Amino acid sequence: MKILRLLPLVVIIAVVTQGCVSNKKYAELQGNYTQLQNSTQDLSVKYQRSEQALAVANGRIASLDEQIAAAKTNALGLQDALNKCLAGNNQGGANISKLVDEINSSNKYIQYLVNTKNKSDSLNVVLTNNLTRSLSKEDAQGVDVQVLKGVVYISLSDNMLYKSGSYEISDKAGSALSKIAKIITDYSTYDVLIEGNTDNVPIKQTNIRNNWDLSTLRASSVVQALQNTYNVDPKRLTAGGRGEYNPIADNATPAGKSQNRRTQIIITPKLDQFMDLIGKAPAPGATTAPAAPAQ
């Protein structure tokens, strides 16, 4: 940021000390300044998205920690009841056996929760690596991929995909869409939702009524490009728009508006595939160990 503040000062000093600066040199400096501004904005967007993903992951981990703590407290209570029963010898063999079964079941459930937490911590990394394995190192740097609870979110800004203020795909969008198509093709059994989002500035075009229209038309343009240009099966694709009603940043600032003008490609496993990934939790009072999730 200090570099950005100092760059105009450098230009002024150059003008004073040398008398004048050629138009070509000035244009070069101005271009460098604009490029630094764009890079700073891109880094800010990626930072905020990472913060949001981290907050979601931390929330899930905190919830699992609470469940583990509650289950351990329950196990201690059961153990205490068993100790009292054995000491007083006033309960009977059937009740003692029941308490032992409940303690064993509780311990199994605690172990399940611990395993689930560990799996949750590593699932995002595994899925991200799997989904991007078809991309080269250079390609992967241009695609923002996040995995939250087994669902893959690929987010692209509007100026990467569309002509300004339009839903038409721009010429420079081909590189990004080809990367997306590689990921979608690599996971051929997953469903794909293309979701358009806008900022809160009303659209002013006679052929587009409002931001609902704009967001939906943009999503439809991406769907048709994936189908017609990159041969993605249209049966897997869904186009949807959320207008201005799904912001990820404050629309009060230009940077916030820029973040909200985005298209998300959401790759979702079908229900049976999702259950294979995360496993199914047993009831806390179950007496049998939970089945191991399919790999």
Side-chain angles (χ1 to χ4, degrees), residues 1-12 26-59 124 128 138-148 151-173 175-177 179-180 193-205 208 210-219 221-222 240-266:
M1 294 300 293
K2 291 182 178 179
I3 294 175
L4 294 181
R5 297 193 188 99
L6 291 175
L7 186 54
L9 180 60
V10 173
V11 174
I12 293 172
Y26 178 79
E28 180 182 351
L29 291 173
Q30 185 64 38
N32 291 340
Y33 175 68
T34 301
Q35 185 177 5
L36 285 172
Q37 281 186 317
N38 292 337
S39 297
T40 301
Q41 181 173 320
D42 290 342
L43 288 173
S44 175
V45 169
K46 290 184 178 180
Y47 172 76
Q48 292 192 29
R49 287 174 180 165
S50 298
E51 287 287 292
Q52 292 167 355
L54 179 61
V56 172
N58 286 340
N124 288 0
T128 300
E138 291 74 18
D139 286 342
Q141 291 176 349
V143 177
D144 182 18
V145 180
Q146 296 183 20
V147 182
L148 302 176
V151 179
V152 182
Y153 297 85
I154 305 172
S155 187
L156 301 171
S157 62
D158 65 329
N159 57 15
M160 181 182 292
L161 291 177
Y162 313 106
K163 297 178 181 178
S164 179
S166 171
Y167 58 86
E168 293 185 27
I169 299 294
S170 67
D171 295 335
K172 65 181 181 180
S175 175
L177 289 179
K179 299 169 189 174
I180 301 303
L193 168 64
I194 313 298
E195 179 187 274
N197 295 268
T198 71
D199 58 25
N200 64 347
V201 178
I203 186 71
K204 295 180 181 178
Q205 290 193 22
I208 303 177
N210 49 42
N211 284 337
W212 278 114
D213 276 2
L214 178 60
S215 63
T216 305
L217 287 168
R218 284 182 164 180
S221 294
V222 173
R242 302 189 69 174
E244 64 198 70
Y245 302 104
N246 184 37
I248 59 173
D250 189 352
N251 276 310
T253 65
K257 286 185 172 69
S258 177
Q259 292 178 55
N260 292 330
R261 296 191 302 269
R262 69 199 188 281
T263 295
Q264 284 191 309
I265 293 87
I266 305 172

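Just so you know, these numbers come straight off a predicted model, no measurement behind them. Heavy atoms only: backbone and side chains are in, while hydrogens, waters and symmetry mates are out.
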* Asked: Would you call Q259 and D199 a side-chain contact if the rule is heavy atoms closer than 4.5 Å?
  -> no
* Asked: Hey, does the side chain of S157 reach the backbone of R262 with a donor-acceptor pair shorter than 3.5 angstrom?
  -> no
* Hey, could you give me the CE/OG1 distance between M160 and T263, rounded to the nearest 0.5 Å? => 10.5 Å
* Report yes or no: does S221 contribute a side-chain atom to a donor-acceptor pair with the main-chain N or O of I169 at less than 3.5 Å? => no
* Do you know the tightest heavy-atom contact between I180 and L156? -> CG1-CD1, 4.2 Å
* Is D158 salt-bridged to R261, cutoff N-O under 4.0 Å? -> yes
* Asked: Between the main-chain N or O of E244 and the side-chain N or O of N260, is there a donor-acceptor pair closer than 3.5 Å?
  -> no
* T198 side chain to G243 backbone, donor-acceptor under 3.5 Å -> yes
* Just how far is it from atom CD of E168 to atom CG of L217, taken to the nearest 0.5 Å? -> 10.5 Å
* Is there a donor-acceptor contact under 3.5 Å from the side chain of S215 to the main chain of W212? -> yes
* For Y153 against I266, the heavy-atom pair lying closest together -> CD2-CG1, 3.8 Å
* Which atoms form the tightest heavy-atom contact between I203 and N211, and what is the distance? -> N-OD1, 3.7 Å
* Heavy atoms only: give me the nearest I194-A219 pair and the separation to one decimal. => O-CB, 3.4 Å
* **N246 side chain reached by E195 side chain, heavy atoms, under 4.5 Å** => yes
* Asked: When rounded to the nearest 0.5 angstrom, what distance separates OH in Y245 from CG in N200?
  -> 9.5 Å
* What heavy-atom pair brings Y162 and S166 nearest, and what distance separates the two atoms? -> CB-O, 3.5 Å
